[in-house]
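For ligands, and for the atoms within them, numbers begin at 1 and follow the listed sequence. For the numbers below, each heavy atom of this structure counts, side chains included, while hydrogens, waters and symmetry mates do not. This chain uses plain numbering: 1 for the first residue, then up along the sequence.
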Amino acid sequence: MVHQKCVRKPTRKCIENVMKDYDLEKGTYERVGRILLDEMEQGLSRDTNASAVIKMFPTYVRALPDGSERGNFLALDLGGTNFRVLLITLKGASVEMENKIYPISQELMIGHGTKLFDHIASCISDFMTDHNLKGAGHLPLGFTFSFPCAQDSLNVGRLVQWTKGFACEGVQNQDVVKLLHEAIARRGDIDVECVALLNDTVGCLMSCAFLDHNTEIGVILGTGTNACYMEKLDRVGTWDGDRGEPQQVIINTEWGAFGSNGCLDFLRTDVDKAIDEASLNPGKQLYEKMISGMYMGEIVRRVLVKCVSQGLLFEGHSSDLLDTPARFYTKYISEIEKDTDEDEFRRTKIVFEELGLEEHLTDDDCRNVQYICSLVSQRAAYLASAGIATLLNRIEKPNITVAVDGSLYRYHPYFHQLMMDKTRQLLKPELNFHIRLSEDGSGRGAALVAAVAHRYHSQGIHGYKPTTNG
Ligand code: GLC
């Protein structure tokens, strides 16, 4: 993309010009929704699934919680901002939860898979010691593993490919539950069995459905982005499981992969393309790279660097930190967008102090940086809305709750409102919806899935074949 030289134009006009490709029309989002629906249908059809970009994995979760779930469960949450081990006690209407965060080093994220799973097993062991759970008998575990997995049953799932910051060797195409059990067996000091493998979107949906029975969609807007929803079995061409009641299954769409066949190229900017090329997985997860927390800060950073090089910001100065890839965190965007003229850009000033640019920062810069952040956020929220509206229009029920979780959605000051507005605009007029924050799906959701699985398991029924739909 060639940018005009801005010699005589006022700075704001020049910045608007740099940002014009982020300010998309309603028709563009409608087009995104139409293509997405088509790609989803290809993923659901047995004939086209192999070549489809959006894989639409059946999850084997077929019923929502009914409130009768009880017991102690361990849960693991891998793939978001933090790795956590959790202990969840389900007591009907109430849920108790304890958890501990364990850091996962960069080395583990891109090292050999055996090391990663040994680390996970050692964290489970540490957690069980802390909570006096060793010797307390056999504990069922729900594993929230937030990566694309092709499942054969509730607790068998092959990693199709790593996404976000992970790239461990020897895990792709392997059953991750088997890898976990092998690591647990290597230690020999913990009596734990993984009874359910689930994506974070599924945990998010289940956790919200526990309180609100209209919940049929779960969306994550965090490090990555993805959605799942309840689909009718007769619309899932790839379904191999039993066809008894309830004739529905949660589909993990893996919508983050949208665009990797070039179908979104008409709206991707030069910055989107540069970020993709520099990423761990070039050509993959292109929708995710325009929306999620792992990339949004980097989009803004690259736009800022471009503006500096055109003399539009910070009196033409950059800093080593601003020039460092991934060093402009997505949380900065939330901080900057919270500022107003009245509080004299207090938060924005702190951000640029951290980046070593405070000497060159004017109030106009603050306003312009805020404008840049707001357009990048707006595009992300509107693209996610195009996805949500597509699912709502497909399910076509009069009043559906969309459960949402993830650090981006939680901490951004306007993401929720932007999504409400755009989803409304893109939705069939006769339909209604709510967007609701789902509290801790990766823990509570995992326990809920594990609870039902465990019940069936202990009854000697293999797989997960619930007959009730709460
Ligand atoms: C990535 C993963 C997906 C996950 C999402 C949100 O897109 O592939 O499985 O749900 O991130 O964490």
Side-chain angles (χ1 to χ4, degrees), residues 36 39-40 43 52-61 75-84 104 109 142-151 157-168 171-173 176-177 196-208 217-229 250-260 264 275-276 279-296 330 380-381 383-384 387-388 391 402-412 415 437-438 440-443 445-446 449:
L36 179 62
E39 300 276 323
M40 286 180 166
V53 161
I54 305 187
K55 287 298 183 194
M56 308 294 279
F57 296 113
T59 62
Y60 291 81
V61 178
L76 298 179
D77 175 14
L78 180 74
T81 317
N82 295 307
F83 169 60
R84 291 182 308 158
I104 299 252
M109 285 165 78
F143 186 8
T144 304
F145 181 75
S146 309
F147 300 95
C149 285
Q151 290 191 234
R158 201 168 30 81
L159 174 69
V160 174
Q161 66 188 21
W162 287 113
T163 53
K164 299 175 280 193
F166 283 74
C168 299
V171 185
Q172 213 166 300
N173 290 321
V176 291
V177 175
L197 173 71
L198 64 153
N199 190 259
D200 51 356
T201 54
V202 177
C204 169
L205 193 165
M206 293 295 276
S207 177
C208 190
I217 298 176
V219 174
I220 298 288
L221 292 159
T223 310
T225 183
N226 188 15
C228 72
Y229 71 107
I250 296 180
I251 297 292
N252 167 17
T253 66
E254 286 292 332
W255 78 14
F258 185 26
S260 50
L264 290 178
I275 287 180
D276 175 47
S279 70
L280 270 179
N281 53 352
K284 305 257 168 70
Q285 302 292 111
L286 299 185
Y287 185 59
E288 177 159 276
K289 286 173 183 161
M290 292 188 280
I291 296 177
S292 76
M294 179 157 172
Y295 308 96
M296 247 175 71
T330 298
L383 282 170
I388 291 172
L391 288 176
V402 183
V404 186
D405 200 0
S407 44
L408 175 61
Y409 175 77
R410 267 175 191 269
Y411 302 123
H412 190 288
F415 226 79
L437 176 70
S438 174
D440 204 54
S442 298
V449 177

*Asks:* Please write down residue, atom name and distance for the protein heavy atom closest to atom 11 (O) of ligand 1.
*Replies:*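 Of the protein heavy atoms, Lys164 NZ, 3.1 Å lies nearest.
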*Asks:* Does ligand 1 have a heavy atom under 4.0 Å from the side chain of Asn252, from its backbone, from both, or from neither?
*Replies:*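 It is neither; nothing of Asn252 touches ligand 1.
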*Asks:* Please name all residues satisfying side chain to side chain contact (heavy atoms under 4.5 Å, CB included) with Lys164, sequence neighbours left out, ordered by chain then number.
*Replies:*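 With neighbours one apart ignored, the set is Ser146, Phe147, Thr223, Glu288, Met294.
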*Asks:* How many angstroms lie between atom CD1 of Ile275 and atom CE of Met296, to the nearest 0.5 angstrom?
*Replies:*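 Going from the CD1 atom of Ile275 to the CE atom of Met296 covers 11.0 Å.
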*Asks:* For atom 7 (O) of ligand 1, what is the nearest protein heavy atom, given as residue, atom name and distance?
*Replies:*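 Looking only at protein heavy atoms, the one closest to atom 7 (O) of ligand 1 is Glu288 OE1, 2.4 Å.
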*Asks:* Does the residue Thr223 have a heavy-atom contact with ligand 1, meaning some pair of atoms that are separated by less than 4.0 Å?
*Replies:*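 Heavy atoms of Thr223 never come under 4.0 Å of ligand 1.
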*Asks:* Can you sort out which atoms of ligand 1 are near Gln285, meaning under 4.0 Å from one of its heavy atoms?
*Replies:*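 What qualifies from ligand 1 is 7 (O).
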*Asks:* Donor-acceptor check, side chain of Thr253 to backbone of Ala227, threshold 3.5 angstrom: yes or no?
*Replies:*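 Present.
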*Asks:* May I ask whether Ser146 has any heavy atom positioned less than 4.0 angstrom from an atom of ligand 1?
*Replies:*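 Judged by the 4.0 Å heavy-atom criterion, Ser146 does count as contacting ligand 1.
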*Asks:* Quick check: closest heavy atoms across Arg84 and Asp440, and the distance to 0.1 Å?
*Replies:*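 Closest heavy-atom pair between Arg84 and Asp440: NH2-OD1, 3.0 Å.
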*Asks:* Is there a donor in the side chain of Asn226 and an acceptor in the side chain of Asn252, or the other way round, less than 3.5 Å apart?
*Replies:*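 The criterion, which ignores hydrogens and geometry beyond distance, is satisfied for Asn252 and Asn226.
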*Asks:* Find all atoms of ligand 1 within a distance of less than 4.0 Å from any non-hydrogen atom belonging to Asn226, and give their numbers and elements.
*Replies:*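 Listed by number with element: 3 (C), 4 (C), 5 (C), 9 (O), 10 (O).
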*Asks:* Give the residue, atom name and distance (to 0.1 Å) of the protein heavy atom nearest atom 3 (C) of ligand 1.
*Replies:*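 Closest protein heavy atom to atom 3 (C) of ligand 1: Glu254 OE2, 3.3 Å.
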*Asks:* Give the atom numbers and elements of ligand 1 that come within less than 4.0 Å of a heavy atom of Ile220.
*Replies:*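 Counting from 1, the qualifying ligand atoms are 6 (C), 12 (O).
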*Asks:* Tell me, please, which residues at least two apart from Phe83 pass ring-ring contact (aromatic ring centres under 6.0 Å, His included).
*Replies:*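 Phe83: no ring-ring contact (aromatic ring centres under 6.0 Å, His included) contacts found.
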*Asks:* Before giving the answer on side chain to side chain contact (heavy atoms under 4.5 Å, CB included), spell out for Ile220 and Asn199 the whole-Å C-alpha distance, their side-chain angles and the decisive distance to 0.1 Å.
*Replies:* CA-CA 10 Å; Ile220 298 288; Asn199 190 259; 5.7 Å; no
*Asks:* Would you compute the distance between atom CD1 of Ile217 and atom CD1 of Ile388 and round it to the nearest 0.5 angstrom?
*Replies:*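 If we round to the nearest 0.5 Å, Ile217:CD1 and Ile388:CD1 are 7.0 Å apart.
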*Asks:* Which atoms of ligand 1 sit under 4.0 Å from any heavy atom of Thr163?
*Replies:*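 Answer, ordered by atom number: 1 (C), 2 (C), 8 (O).
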*Asks:* Considering only the protein, which heavy-atom contact is closest to atom 6 (C) of ligand 1, and what is its distance?
*Replies:*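 Ranked first by proximity to atom 6 (C) of ligand 1 is Asp200 OD2, 3.3 Å.
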*Asks:* Would you check whether Pro148 reaches within less than 4.0 Å of ligand 1, judged by its heavy atoms?
*Replies:*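 True for this residue.
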